[in-house]
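So the structure is just underneath, and the comments pick up after that.
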Amino acid sequence: MDNLYSQTARALKEAMANDGLDPRKILDQLFNRIAAVDSRIKAFVLVNKNAAQVKTGGALSGIPVVVKDNICVKGEDTTCASKILKGFKPPNDATVVRKLKEAGAVLMGKANMDEFAFGSSCETSCYGPTHNPWDLERIPGGSSGGSAAAVAGDEAIMALGSDTGGSIRQPASLCGVVGLKPTYGRVSRYGLIAFASSLDQIGPITKDVTDSAILLGAIAGHDEMDSTSVDIPVPDYTKALVNDVKGLRIGVPKEYFIKGIDRDVQESVKRAIEIYKDLGAVVVDISLPHTEYAVSAYYIIGPAEASSNLARFDGVQYGLRAEDAKDLIDMYIKTRSKGFGNEAKRRILLGTYCLSSGYYDAYYLKAQKVRTRIKEDFEKAFKACDCIATPTTPTPAFKIGEKANDPLSMYLSDIFTIPANLAGLPGISIPCGFSSGNLPIGLQIIAKPFAEETIFRAAYTFEQNTDFHKKRPAL
Amino acid sequence: MSTIDKNAVRHVALLSRLSLDDKELDLYSGQLASILAYISKLNELDTKDVQPTSHAIDSLKNVFRRDIKKASLPVADVLANAPSKESDFFKVPQVIEGK
């Protein structure tokens, strides 16, 4: 088998089982690949050269996995790409990391991200931006940009990201890989450093849909350490990988094909829907009328919850502490002002404002009510269809620096991914085309709560009948 | 919904335990004002009789567990990341005014 680093986990598992492939060879090749290309991509904030397999025989036995830098790995630097957490070594593994280790996976490193997952471009990282493997002058998306770029650049077999408003699906789309945000409550967040607790979810970023199903199966399930994880059985997701969408009702919401959407994106997604029709799916026109309010609601709820979650970074228990403080409050202020980057400060200010006395009802409560409307839109739509197909992002990857000074235009790049977070629904992004500039385009498929199997069936069928996922960037 | 001026940003910064220099104050006042202007779009919607959603999963209620004694993290592990410590404690600058 050539180029082990460009293989899927499924292919490597077969080679280990049938041809006696030594898993150390996979790791060695990945480290060589990282040495060759990561100075240009900068997907990693930590490469663990001493990574070792702690258990054998599990679903991911011998498979190296990269995790986003906001997921705790015991004893390994976990910083959320923020100066305020530099040097933090968690005393515990996140539940997903424990599960990966138990499944035989090798935790090979930490991926770059927007600071505290605040961003859609990976530019707010304190380590500097990650570059899109398809065009090094462009952003990989965010906030799980390091995870997506590592998989797209064949520096990783598979990776974990986290998704609060699109942070798995958007970078997967812009990097031409597969990214799944599971249903809220499907995967434990214990050990995920919190951004917005009513929205955050951990999920897989992989080279194909099969690997997505394998990785989700390994990390999903109830966990008493996360009271929002739901206690329902985890199915064998690989059984949902069926090349057949006959009779599957796919809803296409008119609100996702709006003015301002890139022409190549629109055409690729419409073509994808035609492919589904040809494969026997039933395409249904639907409406999600409150879509245009999702970004507004999200940029109240997300920052409000973040401002509260980030109160814990005060220089007392871990991370940075500013020197020369004259008293305790002064120490908090100096530490936080020095430790947080611009976007983190902006969101803390915005969130604190929306929660402050006199504004809570007008902002936070109002946003939560609009959230109800958005959720009801989906409930109504799912009476007429089994899943919903949309573009993942309004445009392909933009240039590094292009939106860095315009937060609002950055926020609008999540316009198609945010609604699924607000409604708690599972959503996947799969490659469905390329722009005229040879940049990847993603198709998003959203389903009902805990209907990941429907997503896998639809996504797998598309993948089996197209070649977009097989293309790799020239590096 | 209202817009946000420099004084309001200064106040929110204090609540957030952040200090902003004049340049940052200018930058954030302008940016937050334009974000809030965009967000005010929500006022187009009548939500008088709508229940707020704080959580996407309807079935999830309070979660209780048996009150059973369990080992907690060793103190040494808890303090391992502390920027400043003394014996078994986190050490912080003086809180109470002293002599």
Side-chain angles (χ1 to χ4, degrees), chain A residues 87-89 91-92 184-185 198 224 227-228 230 290 292-293 295-297 299-300 307 314-321 325-334 336-337 340 345-346 348-350 352-353 356 362-363 365-373 375 407-408 411 422-425 449, chain B residues 1-2 4 8-9 11-21 24 27-28 31-32 34-45 47-60 62-65 73-74 76-84 90-97:
Chain A
F88 173 63
K89 293 187 197 310
N92 280 327
Y184 186 78
S198 79
E224 64 171 28
S227 58
T228 65
V230 178
H290 294 88
E292 60 173 314
Y293 301 102
V295 174
S296 297
Y299 275 96
I300 295 171
S307 70
D314 58 5
V316 175
Q317 298 177 69
Y318 30 64
L320 180 84
R321 174 183 295 189
K326 55 181 196 289
D327 56 28
L328 185 61
I329 301 277
D330 191 44
M331 190 277 280
Y332 294 156
I333 292 176
K334 286 198 167 116
R336 290 166 60 81
S337 303
F340 289 128
K345 286 180 185 171
R346 189 153 42 235
I348 291 170
L349 293 169
L350 178 60
T352 305
Y353 180 73
S356 64
Y363 290 104
L365 192 65
K366 179 82 183 180
Q368 287 188 317
K369 289 179 171 185
V370 174
R371 186 175 182 180
T372 304
R373 286 280 188 241
K375 205 165 160 251
L408 191 55
Y411 297 171
L422 291 172
L425 304 173
Chain B
M1 291 184 192
S2 57
I4 188 164
V9 175
H11 174 65
V12 170
L14 180 69
L15 293 176
S16 311
R17 299 287 182 253
L18 291 169
S19 74
L20 305 177
D21 60 30
E24 286 175 310
L27 180 72
Y28 293 134
Q31 289 176 338
L32 292 181
S34 70
I35 294 165
L36 290 170
Y38 177 80
I39 284 173
S40 69
K41 190 178 178 56
L42 295 184
N43 288 334
E44 295 169 8
L45 289 174
T47 51
K48 209 168 57 218
D49 300 320
V50 181
Q51 287 299 310
T53 297
S54 58
H55 213 278
I57 304 296
D58 300 327
S59 60
L60 204 60
N62 279 338
V63 177
F64 298 104
R65 63 167 169 78
L73 273 181
D77 289 8
V78 173
L79 290 171
N81 283 291
S84 178
F90 295 105
K91 194 176 174 186
V92 295
Q94 189 170 4
V95 183
I96 302 161
E97 277 179 44

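So that the names make sense, note that chain A is the first sequence line, chain B the second, and so on, each numbered from 1.
The salt bridge (Lys or Arg N to Asp or Glu O under 4.0 Å) check on A/Arg373 picks up A/Glu376, with sequence neighbours excluded. Under the rule for a side chain to side chain contact (heavy atoms under 4.5 Å, CB included), B/Gln51 has no partner lying at least two apart in sequence or in another chain.
A donor-acceptor pair is defined here as one N or O able to donate and one able to accept, closer than 3.5 Å; no such pair exists between the side chain of A/Lys366 and the backbone of B/Asn43. Formation of a donor-acceptor pair under 3.5 Å by the B/Ser40 side chain with backbone atoms of B/Ala37 is found in this model.
Within the 4.5 angstrom heavy-atom criterion, only side-chain atoms of B/Leu73, from C-beta onward, approach chain A. Using a 4.5 Å cut-off between heavy atoms, A/Pro449 makes no contact with chain B at all. Only the side chain of A/Asn92 comes within contact range of chain B, judged by heavy atoms closer than 4.5 Å. B/Leu20 touches chain A through its side chain: at least one heavy atom from C-beta onward sits under 4.5 Å away, while N, CA, C and O do not. In this structure, the portions of B/Tyr38 lying under 4.5 Å from any heavy atom of chain A include both its backbone and its side chain. B/Val63 touches chain A through its side chain: at least one heavy atom from C-beta onward sits under 4.5 Å away, while N, CA, C and O do not. If you measure heavy-atom distances from A/Ser356 to chain B, the contacts under 4.5 Å come from the side chain alone. For A/Val230, the part lying near chain B is the side chain, with the backbone staying farther off; criterion is any non-hydrogen pair under 4.5 Å. Only the side chain of A/Glu224 comes within less than 4.5 Å of a heavy atom of chain B; its backbone N, CA, C and O stay farther away. Interface remark: A/Lys89 contributes backbone and side-chain atoms alike to the contact with chain B (heavy atom separation under 4.5 Å). For A/Leu425, no part lies near chain B; criterion is any non-hydrogen pair under 4.5 Å. For a residue to count as touching a neighbouring chain, one of its non-hydrogen atoms must lie under 4.5 Å from one of that chain's; by this rule B/Ala80 does not touch chain A.
Across B/Val95, B/Leu14, B/Leu18, the residue that shares the most heavy-atom pairs under 4.5 angstrom with chain A is B/Leu18. Ranking A/Val370, A/Thr228, A/Thr372 against chain B, the residue ahead of the rest is A/Thr372, based on heavy-atom pairs under 4.5 Å. For chain B, the option among A/Lys375, A/Arg346, A/Met331 with the highest count of heavy-atom pairs below 4.5 Å is A/Arg346. Highest contact tally toward chain B, considering only A/Thr352, A/Leu422, A/Asp314, A/Leu365, is held by A/Thr352 [criterion: heavy-atom pairs under 4.5 Å]. When the candidates A/Tyr293, A/Tyr332, A/Tyr411 are compared by the number of heavy-atom contacts under 4.5 Å with chain B, A/Tyr293 comes out ahead. Per-residue counts of heavy-atom pairs under 4.5 Å with chain A were compared for B/Glu24, B/His11, B/Glu44; the largest is that of B/Glu44.
Annotation for B/His55: atom NE2 counts as buried by contact number, over 12 foreign heavy atoms lying within 6.0 Å.
The two residues A/Ser337 and B/Ser19 have their closest heavy-atom pair at OG-N, 2.8 Å. Scanning all heavy atoms of the two residues, the minimum distance from A/Leu349 to B/Val12 falls at O-CG1, 3.2 Å.
Note that OG of B/Ser16 and OH of A/Tyr353 are 12.5 Å apart. Values are rounded to the nearest 0.5 Å. In this structure, CG on B/Leu42 lies 10.0 Å from CD on A/Glu292, to the nearest 0.5 angstrom. One finds the CD1 atom of B/Ile4 at 9.5 Å from the CD1 atom of B/Ile35 (value rounded to the nearest 0.5 Å). To the nearest 0.5 Å, atoms OH (A/Tyr363) and CG (B/Leu36) are separated by 4.5 Å.
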